[in-house]
Amino acid sequence: MPEFSLQERAQLLHLAHDAISSALEGRDISLDIPTPHFAEHRGTFTSLYLSGDLRGCVGYVLPTCPVYQAVAETARAAAFDDNRFAPLTKEEAAHLQIELSILSPPQPIPAEEIEVGRHGLLITWHGHRGLLLPQVAIEHAWHRAAFLEHTCRKAGLPLDAWQNGATIEAFTAEVFGEKTTQ
């Protein structure tokens with residue numbers, strides 16, 4: 001059962017688009033939180049797509065601010081601050097598809113209890129941290145060990161760090177957006 005209603009999902013997607021377009025137009029938007037549900041502090045990732053290709057992805061792993069604010073901030077950061085891509089243009093913004101991932105708080109988990117497709121992973125060791133969203137393992141058809149290894153790689157750790165003392169945490173994500181409805 002989804003936590004966010006269809007109306008709430010539409011509101012958050014509209015907010016993400018508005019946060020990006022307002023930055024391009026040099027105007028402010030209101031971040032007054034419209035519902036108590038949107039006031040909950042949640043980890044949030046915004047992924048941007050153009051013609052089905054990733055165009056930016058930025059997020060907050062930990063719940064540092066209300067989800068409403070986090071969506072606006074991560075949408076702008078994905079559009080303009082993801083160093084893998086040039087800043088988004090007005091022309092690109094008109095064709096943008098947005099996908100939001102609203103995270104549960106990360107919880108420690110034994111490796112054998114990780115469910116590919118259900119859990120996202122956060123692996124931490126010696127000051128390095130890597131995170132992969134649940135949908136990444138599905139998109140790449142990874143099994144559990146490959147998912148753990150790729151999360152270690154993202155953290156800049158040896159691929160077997162998850163077997164040698166790294167902290168493994170899992171979270172779930174409610175994922176929705178224009179890309180998921182194609």
Side-chain angles (χ1 to χ4, degrees), residues 1-107 109 115 117-122 129-139 169-182:
M1 182 84 177
E3 177 183 351
F4 292 89
S5 70
L6 291 177
Q7 180 182 355
E8 288 174 321
R9 289 173 175 213
Q11 281 181 276
L12 291 173
L13 289 166
H14 176 76
L15 171 64
H17 279 287
D18 197 33
I20 293 167
S21 62
S22 67
L24 287 165
E25 297 164 4
R27 63 178 168 84
D28 292 328
I29 60 169
S30 171
L31 288 180
D32 293 337
I33 299 169
T35 70
H37 194 199
F38 289 162
E40 293 177 12
H41 286 221
R42 300 291 289 276
T44 303
F45 276 76
T46 300
S47 301
L48 308 179
Y49 296 88
L50 277 174
S51 303
D53 294 326
L54 184 67
R55 181 59 178 80
C57 181
V58 172
Y60 299 151
V61 176
L62 301 175
T64 59
C65 61
V67 69
Y68 197 76
Q69 178 184 340
V71 166
E73 290 177 2
T74 59
R76 282 185 172 168
F80 307 112
D81 300 330
D82 187 331
N83 60 17
R84 298 173 293 175
F85 304 95
L88 194 76
T89 66
K90 266 189 179 180
E91 182 178 296
E92 289 174 319
H95 304 287
L96 201 59
Q97 295 174 311
I98 296 178
E99 182 178 84
L100 299 175
S101 300
I102 312 298
L103 312 185
S104 69
Q107 300 292 326
I109 189 171
E115 295 178 41
R118 178 172 188 265
H119 292 123
L121 295 179
L122 176 63
R129 181 169 69 183
L131 176 140
L132 288 175
L133 296 170
Q135 59 268 37
V136 172
I138 297 298
E139 290 167 0
E169 294 176 283
F171 57 88
T172 58
E174 186 165 339
V175 182
F176 55 92
E178 294 102 356
K179 183 175 185 290
T180 57
T181 59
Q182 292 181 4

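Position 1 is the first residue of the sequence, and the numbers go up from there. It should be emphasised that the depicted structure is a prediction, and the values quoted were computed from it without experimental measurement. The analysis underlying the following values was restricted to heavy atoms, covering all of them including side chains, and did not include hydrogens, waters or symmetry mates.
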Colleague: Return the minimal non-hydrogen interatomic distance between Leu12 and Phe176, and the atom names on each side.
Modeller: CD1-CZ, 4.0 Å
Colleague: Are Leu31 and Leu15 packed together at the side-chain level, in the sense that at least one heavy-atom pair is separated by less than 4.5 angstrom?
Modeller: yes
Colleague: Can you find a side-chain donor-acceptor pair between Ser101 and Gln135 that sits under 3.5 Å?
Modeller: yes
Colleague: May I have the step-by-step check of side-chain contact (heavy atoms from CB on, under 4.5 Å) for Leu100 and Val71, ending in yes or no?
Modeller: CA-CA 8 Å; Leu100 299 175; Val71 166; 4.2 Å; yes
Colleague: Sort and list the pairs that fulfil salt bridge (Lys or Arg N to Asp or Glu O under 4.0 Å) and have at least one residue in residues 6-16, not counting sequence neighbours.
Modeller: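 Non-adjacent pairs meeting salt bridge (Lys or Arg N to Asp or Glu O under 4.0 Å): Arg9-Glu174.
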Colleague: Identify the heavy atoms of Ala19 and Ile29 that sit nearest to each other, and give their distance.
Modeller: CA-CD1, 3.8 Å
Colleague: Mind checking side-chain contact (heavy atoms from CB on, under 4.5 Å) for Arg84 and listing every partner two or more places apart, or none if nothing turns up?
Modeller: Leu54, Cys57, Asp82
Colleague: Tell me, do Leu133 and Val175 make a side-chain contact under 4.5 Å, heavy atoms counted?
Modeller: no
Colleague: Partners of Arg129 by side chain to side chain donor-acceptor pair (under 3.5 Å), sequence neighbours excluded?
Modeller: none
Colleague: Under 3.5 Å, is there a donor on one side chain and an acceptor on the other for Arg76 and Thr46?
Modeller: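 Thr46 and Arg76 do not have a side-chain donor-acceptor pair below 3.5 Å.
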Colleague: Side chains of Ile102 and Phe4: does their closest heavy-atom pair fall under 4.5 Å?
Modeller: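 Answer yes - side chains close enough.
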Colleague: Who passes side chain to side chain donor-acceptor pair (under 3.5 Å) against Asp81, sequence neighbours left out?
Modeller: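 Applying side chain to side chain donor-acceptor pair (under 3.5 Å) to Asp81 gives none.
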Colleague: Using every non-hydrogen atom in the two residues, find where Gly59 and Thr74 come nearest and quote the distance to one decimal.
Modeller: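 Heavy-atom minimum between the residues: CA-CG2, 3.7 Å.
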Colleague: Going by side-chain contact (heavy atoms from CB on, under 4.5 Å), name the residues that satisfy it together with Gln107, two or more places apart in sequence or in a different chain.
Modeller: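 Testing Gln107 for side-chain contact (heavy atoms from CB on, under 4.5 Å), a comparison that skips the adjacent residues, returns Pro105.
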Colleague: Using a 6.0 Å cut-off, check whether atom CD of Glu25 has over 12 heavy atoms from anything other than its own residue.
Modeller: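 Atom CD in Glu25 is packed in, count exceeds 12.
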Colleague: Side chains of Thr172 and Arg118: does their closest heavy-atom pair fall under 4.5 Å?
Modeller: yes
Colleague: What I'd like to find out is whether the side chain of Glu178 reaches to under 4.5 Å of the side chain of Leu13, using heavy atoms alone.
Modeller: yes
Colleague: Check whether any side-chain heavy atom of Phe171 sits under 4.5 Å from a side-chain heavy atom of His119, and report yes or no.
Modeller: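 Answer no - side chains too far apart.
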Colleague: For Ala78 and Leu48, which heavy atoms make the closest approach, and how far apart are they?
Modeller: C-CD1, 3.5 Å
Colleague: Without placing hydrogens or testing angles, list every side-chain donor-acceptor pair under 3.5 Å for residues 61-69, not counting sequence neighbours.
Modeller:
residue, atom, partner, partner atom, Å
Gln69, NE2, Glu73, OE2, 2.6

Colleague: Whether the Arg27 and Ser21 side chains hold a donor-acceptor pair (N or O, under 3.5 Å, no angle test) is what I'd like checked.
Modeller: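 The criterion, which ignores hydrogens and geometry beyond distance, is satisfied for Ser21 and Arg27.
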